[in-house]
Asker: 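After the structure tokens below, expect a handful of questions from me.
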Amino acid sequence: MPDPISFPDASTLATPFYILLIVGEVLALRFASLKGSYETRDAITSLTMGLGSVISDALLGGLVFGLVLLAYQFRVTTIEVSWGAGILCFVLADLEYYWRHRLMHRSRWFWAAHVVHHSSQHYNLTTALRQSWTGPISGLIVLMVPIALLGFHPALIAFVASLNLVYQFWIHTETINRLPRWFEAVFNTPSHHRVHHGRNPRYLDANYAGTLIIWDRMFGTFVPEEDSDPVRYGIVKNIGTFNPLRVAFHEYVGIARDALAPGLTFAQRFLYIFAPPGYSHDGSRSTAASLKADFVARRPQEAGRPGLPQSAAPQRLSALD
């Protein structure tokens, strides 16, 4: 077993600050001329999803994290806990988060958990707390295994991962426009993350960063926010409900309905579970790629712009724009 090293849960310690910042944002929107909006039912749903996520993590998080604990027993070396090790571990965990987040958007099974976070049509600090109840069982914990195999203590890995989540709280706001250019070049910001929450075609599947936006710049998924194309929040087909149970499980219901439909091949059933969201065996639905192509077909002058393809392949026209 790992040495008895422990760290506090940064996200739990930050909870009072989350509450204070939410109250501050509400007051700022009411009494100052700042951009942003709250809808009471939507905010309550977000807070309910956040509470459910805390309970889910408490019940299931430790069980799935056992895989990281097991991997640490087979580490290639032992990296002693220090400031330097903590910084390096944070960077590696942030890189892991980038790829985990990217997979959440590129496979329907993982998207079924993550779609909860994107289901609000508002973008404010309560949106940051709208989290999945099924994240621990998605299987993506496996991406943390290499960090443990390198020799970083599991307690340190968990700590820096919680720090990463704390950082991401404040970027869920419309009240902050752009930050200094050097900061926007390196770090994830409200502007960058607004793009990630957009359902506009150009903004789909972009800006997966946790703390460091450099990963998106390195791996070709960075798209800047454009004033000429204001962000529309939510998912491609908004579910239009404030029912927490439906918010939590609606995509799993959709997966089961599609994968168990009669007359499909095994490959088609498999793809309904693991292919990108929007996959359909008969091409009757739209994926992010087809929505982007449709957008360029309607606006050829946009071809090749960030987030959009160089040309429009023949695709069914969408109603998104």
Asker: Any carboxylate oxygen within less than 4.0 angstrom of a Lys/Arg side-chain nitrogen, looking at E184 and R178?
Answerer: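 Salt bridge between E184 and R178, a charged N being under 4.0 Å from a carboxylate O: no.
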
Asker: For a quick check under 3.5 Å, do N164 and D94 share a side-chain donor-acceptor pair by atom type?
Answerer: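 The criterion, which ignores hydrogens and geometry beyond distance, is satisfied for D94 and N164.
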
Asker: Are the side chains of I19 and I22 in touch, meaning some heavy atoms are under 4.5 Å apart?
Answerer: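 They are not in contact (no side-chain heavy atoms under 4.5 Å apart), so the answer is no.
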
Asker: Determine whether the side chains of T127 and Y233 contain a donor N or O and an acceptor N or O closer than 3.5 Å.
Answerer: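 No.
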
Asker: Please tell me whether H196 and H172 form a close aromatic pair, meaning their ring centres lie under 6.0 Å apart.
Answerer: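 Ring-ring flag for H196/H172: false, centres at least 6.0 Å apart.
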
Asker: Is there side-chain contact between I273 and D258, with heavy atoms separated by less than 4.5 Å?
Answerer: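 The answer is no; the side chains never approach within 4.5 Å.
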
Asker: Please find out if less than 6.0 Å separates the ring center of Y252 from that of W109.
Answerer: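 Aromatic pair counts; centres sit under 6.0 Å.
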
Asker: Any chance the side chains of R130 and S46 put a donor and an acceptor closer than 3.5 Å?
Answerer: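 On atom types as modelled, these side chains qualify, holding a pair under 3.5 Å.
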
Asker: What about the rings of W99 and F219, do their centers lie closer together than 6.0 Å?
Answerer: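 Centroid separation for W99 and F219: below 6.0 Å.
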
Asker: Mind telling me whether H118 and H101 have parallel, tilted or perpendicular rings, with 30° and 60° as the class edges?
Answerer: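 Ring orientation of H101 relative to H118: tilted.
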
Asker: When the ring centroid of H153 is compared with that of Y72, is the distance short of 6.0 Å?
Answerer: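 So the answer is yes for these two rings.
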
Asker: Between V296 and A303, what is the shortest heavy-atom contact and its length?
Answerer: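 The pair with the smallest heavy-atom distance is CG1-CB, 3.7 Å.
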
Asker: Using side-chain hydrogen bond (donor to acceptor under 3.5 Å, both in side chains) as the criterion, point out the one residue from Y208, W215, Y98 that pairs with T221.
Answerer: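 With T221 as partner, side-chain hydrogen bond (donor to acceptor under 3.5 Å, both in side chains) holds for just one option, Y98.
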
Asker: How about T126 and L129: do any of their side-chain heavy atoms sit closer than 4.5 Å?
Answerer: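 No - every pair of side-chain heavy atoms lies 4.5 Å or more apart.
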
Asker: Any cation-pi pair here, R217 with F222, using under 6.0 Å and within 45°?
Answerer: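 So R217 does make the cation-pi contact.
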
Asker: If we only count heavy atoms from C-beta on, is the H197 to Y203 side-chain gap below 4.5 Å?
Answerer: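 The answer is no; the side chains never approach within 4.5 Å.
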
Asker: Parallel, tilted or perpendicular: which fits the ring planes of H193 and H117, with parallel below 30° and perpendicular above 60°?
Answerer: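 Plane angle between 30° and 60°, so tilted.
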
Asker: Check whether more than 12 heavy atoms from other residues, nucleotides or ligands sit under 6.0 Å from atom CH2 of W111, and answer yes or no.
Answerer: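 More than 12 heavy atoms, drawn from other residues, nucleotides or ligands, come within 6.0 Å of this atom.
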
Asker: How about Y279 and Q268: does a side-chain donor come under 3.5 Å of a side-chain acceptor?
Answerer: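 Judged by distance alone, the side chains do not pair up.
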
